Amino acid sequence: MSKPEQKSSLDVPIRSPKPGGIAMRAMAANTAPYLEGLNAEQREAIEALEGPVLVLAGAGTGKTRVLTTRLAHLLKLGLAQPRQILAVTFTNKAAREMKHRISTLIGSTVEGMQWLGTFHSISAQILRRHAELVDLKSDFSILDTDDQIRLLKQLIAAHNIDAKRWPARQLAGFIDNWKNRGLTPDKVPAGEGHAFANGKGAELYAEYQQRLKTLNAADFGDLLLECLRIFQEHPDVLAEYQSRFTHLLVDEYQDTNVVQYLWLRLLAQSHRNICCVGDDDQSIYGWRGAEVDNILRFEKDFPGAKVVRLEQNYRSTPHILAAASALIAHNEDRLGKTLRTDLNDGEKVKVRGLWDGEEEARLIADDIENLQREQQNLNEVAILVRASFQMREFEERFITLGLPYRVIGGPRFYERMEIRDALAYLKIVSQPDHDLAFERIVNTPKRGLGDATLKSLHEHARARNVPMVQAAREIVETDELKPRARAALQGLIDNILRWRSLIETTPHTELAEMILEESGYTDMWQRDKTAKAEGRLENLKELIHAMGEFDTLAGFLEHIALVMDTSSDEAEEKINLMTLHSAKGLEFDVVFLPGWEEGLLPHQRPLDEFGRVGLEEERRLAHVGITRARFDLRISFAANRRIHNLWQNAMPSRFLDELPEEHIDVENTQSAYGAHDGFRANQPGSRTQPFANTYDTPGWQRAKAAQTTGATQQRKPVTIDGELLATNDPDTSDFSLGERIFHQKYGYGLISSINGNKLTIDFDKAGRKRVLSNFVERT
DNA sequence: CTGGAGGATCTTTTT
DNA sequence: GATCCTCCAG
């Protein structure tokens with residue numbers, strides 16, 4: 001790659017005082033308009049440009065502003081060229097926003113900011129430059145989760161492991177987890193390697209890595225892990241980057257996992273100008289390997305680090321802020337911050353209980369229509385859910401009412417079947433050894449090339465150690481295949497080779513259209529008369545359109561591998577619908593938080609698997625939700641909810657109890673518990689008596705009061721109370737191996753292993769689960 | 001051997 | 001509601 005460029009696109013004055021010198025700084029400090037209106041702490045965080053800095057920034061305290069202003073300041077003072085700054089974020093959205101805001105601040109585009117991006121995209125860049133050091137070619141392809149699973153399925157099948165009992169998904173989860181912790185196959189702790197398929201876990205992991213190399217491919221985890229390996233094993237390469245990056249900026253530091261942490265620490269070691277911004281109360285990616293500890297040990301890793309706390313909240317009204325603070329105060333594992341605001345009181349937080357999820361969707365939609373009448377901009381209205389299945393009810397309601405909405409981070413465009421198929425065609429043309437792409441399209445549309453053909457292709461490819469397309473070319477020359485299959489395969493290969501020959505000469509959008517046409521793929525959907533086919537054809541057009549924004553096919557493919565989100569039409573006025581996770585970093589005037597029920601928020605699974613730690617992460621999730629709202633926050637819970645077609649009833653979330661009463665308005669919810677019209681009362685499971693006592697009177701106060709009565713306790717789903725911890729202490733469980741037990745959610749099962757109070761149980765119906773012993777009872 | 005139909009099992013969160 | 005998987009007919 002080229003040396004840092006001489007000419008900066010920034011308007012750094014030519015005849016300026018010495019960059020970073022006292023005169024220059026004084027000038028900037030006095031004149032820089034972007035420093036105006038900052039509070040003392042923000043300014044402190046921005047101006048401490050040398051040495052390690054940790055900024056603990058509560059929700060709504062101007063974190064992004066600090067980060068971007070700091071970067072702009074750095075550039076304006078001439079302390080660093082754009083190319084010398086490494087700025088990492090977690091999401092593409094955050095990276096985009098940062099770029100945008102910096103260019104606004106410094107009044108020009110930031111052309112040179114090549115190293116501003118997500119951990120993954122930056123790692124990919126570095127990895128491409130040094131791919132050969134880890135047995136890859138620089139044009140390696142990036143596998144998405146789907147490819148990954150299919151590959152693992154093949155491996156599992158090859159080992160004659162029962163795929164039912166040991167799903168590829170689970171193995172993918174293990175591998176991902178290992179990679180997040182920086183563990184290459186040889187470093188996987190023996191116990192964990194054995195957790196999958198009776199001891200085959202680590203072995204399968206090693207084999208998987210081997211397959212990736214032959215496929216010239218890397219998965220998401222590899223982007224970071226392999227990059228880290230290069231740094232660790234090649235000091236010369238590391239030194240190059242250490243000296244290149246004079247300044248490091250890290251957003252959402254509380255979400256970094258072990259690999260990312262090691263990666264950052266190595267890169268920061270030489271200049272030690274690293275600034276990390278984070279909020280331990282917003283750490284919601286523990287399940288993805290995030291280590292809140294990283295934030296706690298910052299001062300140890302970088303002695304003499306300056307720590308700045310941002311506690312002035314500019315976003316939410318006092319009621320909302322008070323609700324958030326009271327809730328999060330129930331967490332033990334936190335550094336502790338006290339947010340304050342100067343805003344006026346505004347309205348209290350509204351809480352309402354409802355009959356079921358459908359009613360919840362209906363009333364929220366009604367609320368939104370009212371807001372709309374009051375001229376509330378819908379772009380400033382958001383519904384934040386815990387799990388994506390909750391979105392459906394809202395979508396259905398909005399569609400019937402004709403309310404415009406957008407789903408952020410939902411089922412993604414690039415994950416749709418037809419798009420993935422089309423992309424597979426493009427990949428096999430652009431990346432000759434992309435076997436997985438080839439396998440995907442070899443019989444789509446149907447060409448009469450089934451399992452048997454595929455099997456001989458596999459064997460051929462494996463035996464000769466060549467990519468599948470090459471194997472196919474060889475095999476059609478023999479009479480190994482039956483005439484029909486042979487002809488079909490011949491036709492496909494001819495097409496692929498021809499398309500490849502056109503890659504240099506044909507514009508890529510045109511080529512893509514040609515491929516979809518000639519392969520018979522568009523035909524396939526045109527012949528399909530089901531309701532969805534039309535939409536799929538639309539999506540294919542949309543895909544071609546999206547390609548137009550890129551110069552090359554390869555560039556486009558790289559983009560979609562790393563930037564899975566499609567920038568949605570922010571121009572139009574629409575309600576925002578998304579998960580709590582994807583809401584982090586955003587803010588809205590009005591926020592709806594539906595589904596505050598035990599089992600959903602907090603979700604049952606983290607409770608079962610991680611005990612108190614899981615509960616605290618759920619609480620942080622709730623906290624993130626609350627703090628997204630500027631002045632109008634409405635929380636709701638439903639007594640009944642349909643979860644995969646079964647009606648289940650639920651208690652209100654314990655988090656509701658943790659909200660301070662003086663800041664809450666409990667809505668009179670007569671409609672929820674009072675008179676029901678016949679049809680809803682007839683829904684399966686809906687009218688069983690459990691809620692008779694709890695809800696026969698309006699208002700949540702009663703529900704709350706009833707929660708403490710013995711009668712309610714019995715029906716309450718068995719969940720942990722705040723004190724319970726997962727432990728490895730052998731004395732904490734009085735269960736024994738092979739014992740038959742009962743679990744409220746999973747039913748009956750046998751204990752297959754015991755580790756402290758953590759049991760692994762083979763359930764009759766639910767399969768193997770890890771559960772804390774307190775949730776099971778003897779039969 | 002391939003393709004279609006009907007069945008079981010799902011769903012926490014994401015780069 | 002959907003996808004994945006298994007089984008059966010052509």
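Below, chain A is the first sequence line, B the second, and so on; all start at residue 1. For clarity, every value in this text was computed on a predicted model and none was experimentally measured.
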State whether a side-chain donor-acceptor pair under 3.5 Å links E291(A) with Y261(A). no
Contact class for Y285(A) vs. all strands (heavy atom < 4.0 Å): base, sugar-phosphate, or nothing? sugar-phosphate
Which residue lies toward the 5' end of DNA chain B, L454(A) or L621(A), if each is placed at its nearest nucleotide? L454(A)
Face-to-face contact W287(A) to dT13(B) six-ring, under 5.5 Å, under 30°: yes
Nearest-Å distance, CD (Q170(A)) to C1' (dC10(B))? 15 Å
Report which part of the nucleic acid K153(A) touches: base, sugar-phosphate, or nothing (heavy-atom distance under 4.0 Å, all strands). sugar-phosphate
Gap between atoms CZ and C1', on R486(A) and dC1(B) respectively (whole Å): 18 Å
F389(A) stacking on dT11(B): centroids under 5.5 Å, ring planes under 30°? no
Specify the separation, in whole Å, of atom CG of D219(A) and atom C1' of dT14(B). 14 Å
Do E617(A) and W287(A) have side chains that approach each other closer than 4.5 Å (heavy atoms only, starting at C-beta)? yes
Please report the distance, rounded to the nearest Å, between CG in D144(A) and C1' in dT15(B). 12 Å
Testing the 3.5 Å rule here: is there a donor-acceptor pair between the side chains of Q282(A) and E252(A)? no
What's the closest nucleotide to the side chain of N443(A) if the choices are dG3(B), dT14(B), dC1(B)? dG3(B)
Counting only side-chain nitrogens and oxygens, does S121(A) get under 4.0 Å of the OP1 or OP2 atom of dT15(B)? no
Of the listed nucleotides (dT14(B), dG4(B), dC1(B)), which one gets closest to any side-chain atom of T579(A)? dT14(B)
Report the nucleotide, chosen from dG3(B), dC1(B), dT15(B), that has the shortest atom-to-atom distance to any side-chain atom of A452(A). dC1(B)
Nearest listed nucleotide, side chain of T118(A), among dG1(C), dT15(B), dT13(B): dT15(B)
Whole-Å distance between dT3(C) C1' and I149(A) CD1? 13 Å
Non-neighbouring partners of E618(A) that pass salt bridge (charged side-chain N to carboxylate O under 4.0 Å, His left out), sequence neighbours left out: R386(A)
If only side-chain N and O atoms count, and only distance matters, is there a donor-acceptor pair under 3.5 Å linking Q209(A) with D222(A)? yes
Round to the nearest Å and state the distance from L481(A) atom CG to dT2(B) atom P. 10 Å
Using OP1 and OP2 only, check whether a side-chain N or O of T453(A) sits under 4.0 Å from dT2(B). yes
